[in-house]
Peer 1: 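This is the structure, below, for whatever I ask next.
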Amino acid sequence: MGRLRDLRKEKNLSQEELAFCLGTNQQRISKVEKENASFGIDLLLRYADYFGVTTDYLLGLSDIRVDLTIEELQIVDTNKAEVRELLYCFSQMDKKNREIIMNLAKSMSSRDN
């Protein structure tokens with residue numbers, strides 16, 4: 001559940017602000033983040049939708065935040081195997097190296113647009 005707290009902090013949201021956005025209350029957010037309560041499928045889906053991540057990522061079943069659809073892969077004109085390999089390599093990195101790669105990718109992406 002540390003991922004839930006980390007995602008909230010990445011967006012600089014308080015528990016109260018997130019609770020409002022997700023249609024729940026601050027106590028529920030606090031309990032879920034502290035692993036004192038589980039969250040139902042409805043709250044899990046709202047978390048995933050709000051933060052743009054997969055439910056597998058939220059549940060700790062995967063280190064990959066987003067799934068790419070076939071349409072998205074075709075847009076970037078690459079093949080699925082390369083993207084999966086890239087995501088796998090990224091998932092094996094420590095947090096510091098992930099941040100470096102993300103900043104580099106964002107920087108390169110903004111220059112291309």
Peer 1: Would one find more than 12 heavy atoms of other residues, nucleotides or ligands at under 6.0 Å from atom CE of Met102?
Peer 2: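 Counting other residues, nucleotides and ligands, CE of Met102 stays at 12 neighbours or fewer.
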Peer 1: Give the intermediate values and the outcome of salt bridge (Lys or Arg N to Asp or Glu O under 4.0 Å) for residues Arg46 and Asp42.
Peer 2: CA-CA 6 Å; Arg46 283 183 275 168; Asp42 61 323; 2.9 Å; yes
Peer 1: Do Leu104 and Met93 share a hydrophobic cluster, counting only Ile, Leu, Val, Met, Phe, Trp and Tyr and linking them when any side-chain heavy atoms are less than 4.5 Å apart?
Peer 2: no
Peer 1: Using atom types as modelled and distance alone, determine if a side-chain donor or acceptor of Glu17 lies under 3.5 Å from a backbone N or O of Ser14.
Peer 2: yes
Peer 1: Look at the side-chain heavy atoms of Ile, Leu, Val, Met, Phe, Trp and Tyr, link any pair under 4.5 Å apart, and say whether Phe90 and Leu61 land in one connected group.
Peer 2: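 Different clusters: Phe90 never reaches Leu61 through Ile, Leu, Val, Met, Phe, Trp or Tyr contacts under 4.5 Å.
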Peer 1: Quick check: is Leu43 connected to Phe20 through a chain of hydrophobic side chains (ILVMFWY, heavy atoms under 4.5 Å apart)?
Peer 2: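 No: no chain of side-chain contacts under 4.5 Å links Phe20 to Leu43.
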Peer 1: What's the verdict on side-chain contact (heavy atoms from CB on, under 4.5 Å) for Phe51 and Glu10, showing C-alpha distance, side-chain angles and the deciding distance?
Peer 2: CA-CA 10 Å; Phe51 289 109; Glu10 282 177 21; over 6 Å; no
Peer 1: Are Leu4 and Ile41 connected, step by step, through hydrophobic side chains (Ile, Leu, Val, Met, Phe, Trp, Tyr) whose heavy atoms are closer than 4.5 Å?
Peer 2: yes
Peer 1: I need the Leu7 CG to Glu33 CD distance, nearest 0.5 Å.
Peer 2: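 Going from the CG atom of Leu7 to the CD atom of Glu33 covers 9.5 Å.
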Peer 1: Show your working on side-chain contact (heavy atoms from CB on, under 4.5 Å) between Leu13 and Tyr50 and close with a plain yes or no.
Peer 2: CA-CA 12 Å; Leu13 294 171; Tyr50 183 80; 3.4 Å; yes
Peer 1: Distance from Lys31 atom NZ to Gln15 atom CD, nearest 0.5 Å?
Peer 2: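 One finds 12.0 Å between NZ of Lys31 and CD of Gln15.
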Peer 1: For Ala19, does its backbone N or O pair with a side-chain atom of Arg28 as donor and acceptor, under 3.5 Å?
Peer 2: no
Peer 1: In Å and rounded to the nearest 0.5 Å, what is the CD to SG distance from Glu16 to Cys21?
Peer 2: 11.5 Å
Peer 1: Looking at Arg3 and Leu58, would you say the former's side chain and the latter's main chain have a donor-acceptor pair under 3.5 Å?
Peer 2: no
Peer 1: Does Asn103 reach the main-chain N or O of Glu99 with its side chain, forming a donor-acceptor pair under 3.5 Å?
Peer 2: yes
Peer 1: Yes or no on side-chain contact (heavy atoms from CB on, under 4.5 Å) for Ile29 and Asn25, after CA distance, side-chain angles and deciding distance?
Peer 2: CA-CA 7 Å; Ile29 299 295; Asn25 59 56; over 6 Å; no
Peer 1: In Å, rounded to the nearest 0.5 Å, how long is the span from OG1 of Thr55 to OH of Tyr47?
Peer 2: 14.5 Å
Peer 1: Could you give the distance from CG (Asp56) to CG (Leu59), rounded to the nearest 0.5 Å?
Peer 2: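 Reported to 0.5 Å precision, the distance equals 6.5 Å.
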Peer 1: Using modelled atom types and a 3.5 Å cut-off, is there a donor and acceptor pairing between side-chain atoms of Arg8 and backbone atoms of Leu18?
Peer 2: no
Peer 1: State, to 0.1 Å, how close Ala48 and Thr54 come at their nearest heavy-atom pair, and which atoms those are.
Peer 2: CB-C, 4.3 Å
